[in-house]
There are 2 protein chains.
Amino acid sequence: MARPRKPLLSREGIVAAAGALVDAEGLEALSTRRLAAVLGVSGPSLYNHFRTKDEILEAVADAVSARVDLSMFEPDDGRDWRTALEDWAHSYRAALADHPHIVPVLARGPGRRPAGLRVADAVFGGMTAAGWPPSQATRIGALMRYFVLGSAVASFAGGFTEDRSAYDPEAYPHLGQAHLLPERGRSVDEGAFETGLTALLDGLALRFEALGGDEPRS
Amino acid sequence: MARPRKPLLSREGIVAAAGALVDAEGLEALSTRRLAAVLGVSGPSLYNHFRTKDEILEAVADAVSARVDLSMFEPDDGRDWRTALEDWAHSYRAALADHPHIVPVLARGPGRRPAGLRVADAVFGGMTAAGWPPSQATRIGALMRYFVLGSAVASFAGGFTEDRSAYDPEAYPHLGQAHLLPERGRSVDEGAFETGLTALLDGLALRFEALGGDEPRS
DNA sequence: ACCTGAACACCGTTCAAGT
DNA sequence: ACCTGAACACCGTTCAAGT
């Protein structure tokens with residue numbers, strides 16, 4: 001065939017197909033050869049559009065970051081810093097929950113991914129505008145990232161097996177119900193996320209008060 | 001050579017060599033062929049001791065879990081639940097910091113790894129003994145896991161690049177200093193971890209009070 | 001029981017050749 | 001510029017063969 005008059009591939013098309021494959025079958029299922037096959041081309045063709053397979057994965061991850069709502073950090077948005085952080089965390093978590101298999105790639109850090117950087121920038125801007133000192137604003141961005149990404153990557157319930165025999169009551173006296181965890185999985189993780197998020201925000205509010213921030217600037 | 005009179009390999013030896021290789025060069029550097037070469041045998045020999053490469057990785061991860069201090073959750077330990085959680089989180093984080101490359105494997109969940117299960121069991125036992133209702137104790141175990149694993153897997157500072165040109169001030173108005181983050185990396189992450197941990201514990205203490213737990217049982 | 005080499009079915013990536 | 005097939009240097013894993 002050689003070169004067709006109209007390109008068979010585009011960056012967007014490759015990223016979309018890669019994302020669909022990862023969503024459907026997981027990170028390991030994505031090989032350049034399989035991805036190319038899905039797109040109806042041969043493996044090496046991808047290298048006309050991306051330098052490496054990893055670059056494709058970064059683009060898939062960034063597309064997920066791009067879906068995180070950041071409107072709560074805009075200057076004219078009415079929400080106070082606590083509500084903004086809470087709403088953002090929920091939006092962030094929801095975006096990750098829709099594409100769980102790509103989360104480990106997102107967790108590597110914003111790196112050079114534009115949408116990932118936009119998230120970091122927005123949180124920092126929102127917190128400093130609300131009266132947090134810059135050094136604290138950086139920390140808040142980091143710690144929220146830990147918690148939200150941790151909840152997605154280290155799902156508690158998903159980590160247990162349904163095989164009851166794995167939990168010898170002699171060895172693990174408190175894990176009698178652990179084999180039921182995968183079943184209740186979603187609700188356990190959701191409850192833990194909400195409890196943790198509330199605790200985090202309550203704790204940060206205490207710290208904000210101690211700052212002398214009696215009249216928060218929004 | 002065929003079978004030697006004394007086995008060349010042992011599970012412990014394989015796990016130790018695999019751990020060293022992962023620590024030194026990262027997860028992707030571990031191939032069965034390279035690991036075997038380090039041990040002075042041929043690739044397939046490993047399959048006499050482990051069923052899959054993944055089982056080796058699980059064993060490496062479990063060895064890290066086994067180094068997490070759990071003494072604070074023992075019945076006769078004097079620490080109250082908050083101090084116990086705080087000390088545990090620090091020990092957990094330190095263990096992960098010593099072996100950052102294996103953290104993604106640990107994050108997959110305790111699964112069937114004995115030391116991982118022992119951690120989950122100890123936290124749950126410690127929290128219920130302190131007066132937390134079982135459902136809340138489960139959530140606390142999960143949310144602490146999110147935060148500690150998140151801090152290890154999603155290191156904030158390590159995710160930025162030192163290349164200043166990646167942070168166009170037009171696009172990211174608040175990231176002017178972002179290229180300095182890798183340098184300050186360790187201290188930013190440490191500060192964020194401490195801030196987040198304190199906030200989490202402060203928030204949980206509020207919740208504990210609301211439980212009517214005026215006389216905590218230790 | 002525990003090692004070996006050969007083999008199978010894959011990988012990511014490079015590159016010269018085609019249009 | 002953008003695709004191809006062939007090739008390189010790898011993978012994880014299976015298996016018959018050796019002692």
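Residue numbers begin at 1 in each chain, while the letters A, B, ... track the order of the sequences.
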Would you mind pulling out the nucleotide paired to D/dC10, Watson-Crick or G-U wobble, both distances under 3.5 Å? none
Grab the CZ-P distance between A/R33 and D/dA9 for me, whole Å please. 15 Å
With under 30° as parallel and over 60° as perpendicular, where do the rings of B/F193 and B/F147 fit, or are they tilted in between? parallel
Whom does C/dT4 pair with, Watson-Crick or G-U wobble, provided both distances fall under 3.5 Å? D/dA16
Rounded to whole Å, NZ of B/K53 lies from P of D/dT14 at a distance of 14 Å
Where the side chain of A/S45 is defined as all heavy atoms beyond and including C-beta, which of C/dG5, D/dT4, D/dC2 is the nearest nucleotide? D/dT4
Considering heavy-atom distances to DNA chain D, does B/R34 or A/V41 have its closest nucleotide positioned more toward the 5' end? A/V41
Expressed in angstrom and rounded to an integer, what is the separation of A/L57 atom CG from C/dC11 atom C1'? 14 Å
Given C/dT13, C/dT4, D/dT13, the nucleotide with the shortest approach to the side chain of A/T32: C/dT13
Would you say B/S42 reaches C/dT4's phosphate, i.e. side-chain N/O to OP1/OP2 under 4.0 Å? yes
Report which part of the nucleic acid A/L30 touches: base, sugar-phosphate, or nothing (heavy-atom distance under 4.0 Å, all strands). sugar-phosphate
Here the distance between atom C1' of D/dA16 and atom OH of B/Y47, to the nearest Å, is 17 Å
For the pair B/R139 and A/E194, find out whether any cationic side-chain nitrogen is under 4.0 Å from an anionic carboxylate oxygen. no
I'd like to know if B/E86 and B/R79 make a salt bridge, using a cut-off of under 4.0 Å between side-chain N and carboxylate O. no
Distance, rounded to the nearest Å, where B/N48 contributes CG and D/dG18 contributes C1': 13 Å
Please determine, for the side chain of A/P44, which listed nucleotide (D/dC2, D/dT13, D/dT4) has the closest atom? D/dT4
Which nucleotide wins on minimum distance to the side chain of B/S31, given the candidates D/dC11, C/dC2, D/dT13? D/dC11
Please state how far atom CG in B/L39 lies from atom P in C/dT4, giving the value in whole angstrom units. 11 Å
Answer yes if the side chains of B/D54 and B/T52 hold a donor-acceptor pair under 3.5 Å, and no otherwise. no
Length of the CD1-P vector between B/I14 and D/dG12, whole Å: 14 Å
Any side-chain N or O of A/H49 under 4.0 Å from OP1/OP2 of D/dC3? yes
Verdict with supporting geometry, B/D23 and B/H99, side chain to side chain donor-acceptor pair (under 3.5 Å): CA-CA 6 Å; B/D23 282 347; B/H99 308 281; 2.8 Å; yes
Using whole Å, report how far CG of A/L8 lies from P of C/dT19. 16 Å
